[in-house]
Undergrad: 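To start, I am sharing the structure in question, which I have written as structure tokens.
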Amino acid sequence: RAEWAWPVKKTLSKTGVKNIVLVDGVRTPFLQSGTTYADLMPHDLARTALQGLLNRTGIPKDAVDYIIYGTVIQEVKTSNVAREAALGAGFSDRIPAHTVTMACISSNQAMTTAVGMIAAGQCDAVVAGGVEFMSDVPIRHSRKMRKTMLSLNKAKTLGARLALLGSIRPAHLAPELPAVAEFSTEETMGHSADRLAAAFGVSRREQDEYALRSHSLAKRAQDEGLLSDVVGFKVPGKDIVSKDNGIRPSSMEQMAKLKPAFVKPHGTVTAANSSYLTDGASAVLIMSEEKALALGYKPKAYLRDFVYVSQDPKDQLLLGPSYATPKVLERSGLKLADIDVFEFHEAFAGQILSNLKAMDSDWFAKTYMGRTSKVGSPPLDKFNLWGGSLSLGHPFGATGCRLVTTVAHRLKKEGGQYGLVAACAAGGQGHAMVIEAYPQ
Amino acid sequence: FCVFIVAARTHVNYELKDDVAVVRLNDPTSKVNTLSKQMEAEITQVMNEVWGNAQVKSAVVISTKPGCFVAGADINMIKACKSAEEVTSLSQEGQKMFEKIEKSPIPVVAAINGSCLGGGLELAIACQYRLATKSKKTVLGTPEVLLGLLPGAGGTQRLPKMVGLPTAFDMMLTGRNIRADKAKKMGLLHQIIDPLGPGLKSPEERTMEYLEEVAVGVAKDLAAKKVTVDKKKGLIQKLQDVVMGFPFVRKQIYNTVTKKVMKQTKGLYPAPLKIIECVQSGVEKGSSTGYQVESENFGKLGMTAESRALIGLYQGQVACKKNNFGTPERELKTLAILGAGLMGAGIAQVTVDKGVATILKDTTLEGLARGQQQVYKGLNDKVKKRGITSFERDATLSFLTGQLDYSGFQKADMVIEAVFEDLAIKHQVLKEVEAVTPAHCIFASNTSALPIRDIAAVSKRPEKVIGMHYFSPVDKMQLLEIITTDKTSKDTTASAVALGLRQGKIIIVVGDGPGFYTTRCLAPMLAEAVRLLQEGVGPKMLDSLTTSIGFPVGMATLADEVGIDVAAHVAEDLGKAFGQRFGGGNVELLKTMVQKGFKGRKSGKGCFLYGAKSKDKQVNPGAEEILKTFKLTAPPAVSGNEDVQYRLICRFVNEAVLCLQEGILPDPIQGDIGAVFGLGFPPCFGGPFRFVDTFGADRLLQKMKRYEEFYGNHFTPCQLLQDHARDPSKRFHK
């Protein structure tokens with residue numbers, strides 16, 4: 001085939017479509033929730049990421065046209081966390097900001113919204129990012145209690161107020177906790193992941209091995225200083241945090257001791273082969289190529305085609321990458337073998353392995369995806385080589401930007417040309433994006 | 001030296017997975033597994049081999065049929081028995097087989113996916129450990145009582161020990177199906193497994209594999225003593241155990257349960273009482289007595305007319321859940337219903353959740369709102385009972401469109417009208433519908449008495465016109481009576497039956513005529529009931545006389561439920577059509593009641609008063625006044641309680657047999673099913689035709705002749721009945 005004849009792969013630039021580039025990307029260290037960030041608020045983390053981006057790129061504070069953030073569990077006081085963070089980060093107060101949410105692909109949505117705005121000619125430079133803060137989540141009064149409290153506001157007389165207070169029963173005092181569960185099916189994500197792993201026949205051992213790989217690779221990347229997107233953070237009243245703190249390569253024996261966390265007693269998903277609750281924020285600077293060049297930047301990568309997919313939130317909750325990968329490759333005219341760098345979001349080891357098996361199955365491609373054949377399974381020697389969500393941590397809203405920045409960095413380090421990001425998200429949704437290295 | 005035993009086993013085989021014997025059940029001749037002689041013999045054979053194999057440390061019993069573990073004992077095996085002793089010995093064989101499994105030297109795990117009923121449950125509870133999938137198809141239960149039998153393979157002995165006395169009685173006396181999650185809570189199951197979605201195989205196939213994998217794991221752990229078979233008991237269960245330790249408490253329970261059974265069955269069904277006896281014997285006198293009483297009682301019940309009747313109904317019902325008219329040419333995608341009343345909305349209720357786009361049209365916003373609320377409520381009640389999620393409810397409701405006009409009817413594949421029972425109105429809507437629907441669209445009328453050919457008279461496409469007679473409340477009543485005219489095409493019939501089956505209905509297909517089959521049988525009996533009221537049998541007495549022979553609802557209450565106005569309407573119409581034979585009661589009595597506003601439950605007054613929430617129903621004094629003005633003298637010779645009951649039954653049965661004679665009914669099976677499931681004809685008789693077989697046509701004839709002397713041709717036996725009376729070898733059921 002002709003492609004093999006060329007030493008350099010073709011560029012994915014399309015006529016009539018603007019070239020959009022990633023100038024740079026940063027993130028705060030990702031910390032296990034309840035650790036050093038415990039007393040902060042979400043916009044503090046987001047602000048830190050924005051400041052880090054300002055410092056790293058040196059972009060003038062008024063050169064940005066728009067700011068978009070992704071987040072999942074919202075702090076009600078800062079529901080437009082993008083705006084609150086931008087104001088404190090020192091950006092001009094003339095830059096509009098909005099917040100998007102799409103579960104674990106929220107910051108992917110922030111980035112693609114930015115790409116859309118630039119492609120449409122409405123903006124030239126946009127900051128996109130994501131933040132998640134699991135050390136504090138909104139715990140609410142029960143619906144009945146809220147109703148009573150709201151009625152209290154309206155009660156005019158002391159008698160009416162006392163009557164309302166008297167109607168409160170102990171059961172009304174039970175709080176409502178947010179759960180990492182599907183609203184539509186009431187199934188927790190871990191439970192669904194366990195069923196998915198069982199459906200694809202992924203064993204406990206395979207999952208533990210994959211989790212161990214993720215932690216080991218993350219450790220090596222950290223030790224070798226490859227995680228250069230991390231910016232240090234002086235937490236008020238505490239030390240400077242400069243490293244992710246959830247990377248803990250264990251041993252198979254240790255991991256085997258854990259009991260299943262969701263499906264009991266016969267399940268295979270455990271705390272050790274799942275991603276953990278994480279605090280963190282990320283940010284990227286996206287521009288049209290001309291703008292970036294005009295400002296004197298050397299962009300890191302082109303952001304090319306992207307797709308969103310969705311499927312049954314019950315039985316295919318976490319199969320987004322399997323659906324998104326062939327679709328985005330088709331849009332770009334690429335084959336799986338053309339991709340040099342894969343960065344997939346690791347929600348659960350079982351979820352990753354199930355997706356790899358699904359992508360490698362002709363039967364699945366034909367029966368469920370309406371395709372003629374399988375797309376193939378990404379080779380592990382190109383796959384999540386600097387760790388993944390299992391080991392680095394997974395602040396829901398912030399992971400997408402980390403994946404894209406990591407692809408850009410890996411392309412540069414490994415000398416590849418094309419990278420692929422893919423992720424699953426609650427609601428049975430998924431996303432994939434093709435990234436092309438910027439010519440050296 | 002080695003011996004090969006050539007065992008031509010077809011139903012049961014086993015495979016070794018390490019040191020676990022996986023015993024697989026699969027009856028190749030049927031969609032479901034039943035405990036037939038063959039199956040039992042092979043299970044025994046295989047288990048003996050397993051026990052004889054020193055390598056085997058534990059075993060798993062599993063079915064390879066998706067959706068069915070074991071659905072029960074083979075009914076035909078019981079039906080084929082000629083004596084109680086034969087049935088008893090069947091029970092004893094089952095008892096022995098399961099006792100061996102219970103006392104197995106190695107742990108046996110039952111891995112259940114799909115129906116685990118009757119003998120299937122008895123097999124499962126004989127095993128040491130049970131796990132099941134949480135699939136919607138997985139149900140556990142002891143439905144024997146519904147066939148007039150009892151769990152005869154140790155069920156009455158093991159269940160009380162497993163789930164406690166009260167729950168065991170509840171299970172065995174109601175025969176209800178229990179879902180896996182509930183069964184786990186009750187202590188019937190040790191472990192449940194969520195069904196899997198798509199993977200590298202179909203969800204069903206992989207779920208079965210997974211069940212087996214988990215079961216094998218459990219079996220190994222049991223053998224290695226890493227897991228015990230003891231279930232953790234909750235506080236309430238522990239308390240219950242303590243309380244049940246007192247003999248006087250148990251005695252109280254036996255008494256209460258017996259009273260309740262007598263109240264509900266009027267003593268017409270022997271099985272529930274025998275079940276209580278078996279449990280009591282086992283608990284109080286020890287299991288060897290218990291087993292003996294169980295097998296003897298099983299034998300006795302197997303020979304009762306009630307059991308034969310109930311089995312007949314069960315098999316008839318299975319037969320009436322098939323489409324004998326072939327596959328419809330078109331798949332029904334859109335159904336329009338005219339009239340959002342109780343009936344129209346009821347039809348919508350059983351249609352929207354089958355993925356059929358359903359248009360519900362009414363003429364007023366109020367009517368439409370009421371109808372839509374009915375559909376919503378039906379679904380929401382399921383959410384409350386955790387049968388479906390709120391999202392499934394919402395998604396289901398998205399299939400329903402409520403409207404006042406005919407928009408969208410150009411997409412309708414079928415229209416069912418449930419408008420007022422008036423031929424002129426039916427003609428009007430038929431014309432309106434045909435003007436807006438495509439040529440392939442079927443027009444079905446949900447009339448309860450108007451002949452379909454009269455409705456079809458104004459149709460441009462009479463081959464597309466059919467009757468679909470639903471029963472109220474549609475979501476509860478299982479029967480659908482489909483009426484074909486001589487012009488109705490086979491494909492139209494096939495489509496109507498296909499829709500009915502999707503709606504979960506038991507279907508009878510009958511010929512056209514006034515009142516078709518069901519309404520036509522009901523009318524003379526109602527006329528007789530009116531006659532009895534006129535002769536001074538009060539509404540309460542009438543109710544008690546009819547419920548005591550097994551009608552689920554008393555005749556006076558039934559009239560109130562149906563509506564006195566509807567009854568008057570039907571009585572008048574059918575009276576005109578069939579003449580004197582439908583006489584007896586005076587239609588004017590009903591009409592006078594309607595004039596006074598006594599239309600039955602819906603108007604708050606009928607034969608009885610409604611509204612006040614008192615338990616004891618009060619007779620409507622206004623109705624009593626009217627009864628007095630229509631008073632007739634009762635002939636003492638035929639007015640004893642028993643005669644009153646037989647008079648009602650005779651008129652029903654004679655009309656049913658006449659329907660068969662005239663070809664309205666295609667066969668006695670559909671006649672029995674229609675009468676029991678549509679009209680509440682006493683199930684213990686198995687329907688009018690089985691009643692004639694059991695009671696004897698000649699005996700019935702003698703009674704009718706005697707009543708004929710007093711009442712004339714209301715009681716003249718039809719020719720077919722006379723034929724059967726003359727020749728005792730003639731029977732409706734073989």
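Below, chains carry the letters A, B, ... as their sequence lines are ordered, and counting in each starts from 1.
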Undergrad: List the atom of A:Lys357, the atom of B:Leu200, and the distance in Å for their closest heavy-atom pair.
TA: O-CD2, 3.8 Å

Undergrad: Chain B contacts: which residues in residues 359-371 of chain A have a non-hydrogen atom closer than 4.5 Å to it?
TA: A:Ser361, A:Trp363, A:Phe364, A:Tyr368

Undergrad: For A:Arg146, does the CZ atom sit with more than 12 other heavy atoms under 6.0 Å from it, leaving out its own atoms?
TA: yes

Undergrad: How close do A:Ala199 and B:Pro198 get, counting heavy atoms only, and between which atoms?
TA: CB-O, 3.7 Å

Undergrad: Is it the case that more than 12 heavy atoms not belonging to A:Leu177 sit under 6.0 Å from its CG atom?
TA: yes

Undergrad: Under a 4.5 Å heavy-atom cut-off, does chain A meet the side chain of B:Gln191, its backbone, both or neither?
TA: side chain

Undergrad: Got more than 12 heavy atoms from elsewhere within 6.0 Å of CZ, B:Arg24?
TA: yes

Undergrad: Scan for ring-ring contact (aromatic ring centres under 6.0 Å, His included) pairs involving residues 374-402 of chain B, sequence neighbours excluded, and state none if there are none.
TA: A:Phe183-B:Phe391

Undergrad: Starting at NZ of A:Lys314, measure out to CD of B:Glu392 and round the result to the nearest 0.5 Å.
TA: 9.0 Å

Undergrad: In the structure I gave you, are the side-chain heavy atoms of B:Thr389 and A:Ser184 within less than 4.5 Å of one another anywhere?
TA: no

Undergrad: For chain A, which residues of residues 126-138 of chain B have at least one non-hydrogen atom nearer than 4.5 Å to it?
TA: none

Undergrad: When you look at NE2 of A:His141, are more than 12 heavy atoms from neighbouring residues, nucleotides or ligands closer to it than 6.0 Å?
TA: no

Undergrad: Could you tell me which residues satisfy salt bridge (charged side-chain N to carboxylate O under 4.0 Å, His left out) with A:Lys327, sequence neighbours excluded, listed by chain and number?
TA: none

Undergrad: Between the main-chain N or O of A:Phe200 and the side-chain N or O of B:Arg206, is there a donor-acceptor pair closer than 3.5 Å?
TA: no

Undergrad: Working to the nearest 0.5 angstrom, can you tell me the gap between B:Asp221 CG and A:His266 NE2?
TA: 12.5 Å

Undergrad: Kindly check if the number of other-residue, nucleotide or ligand heavy atoms within 6.0 Å of CZ (B:Arg176) is above 12?
TA: yes

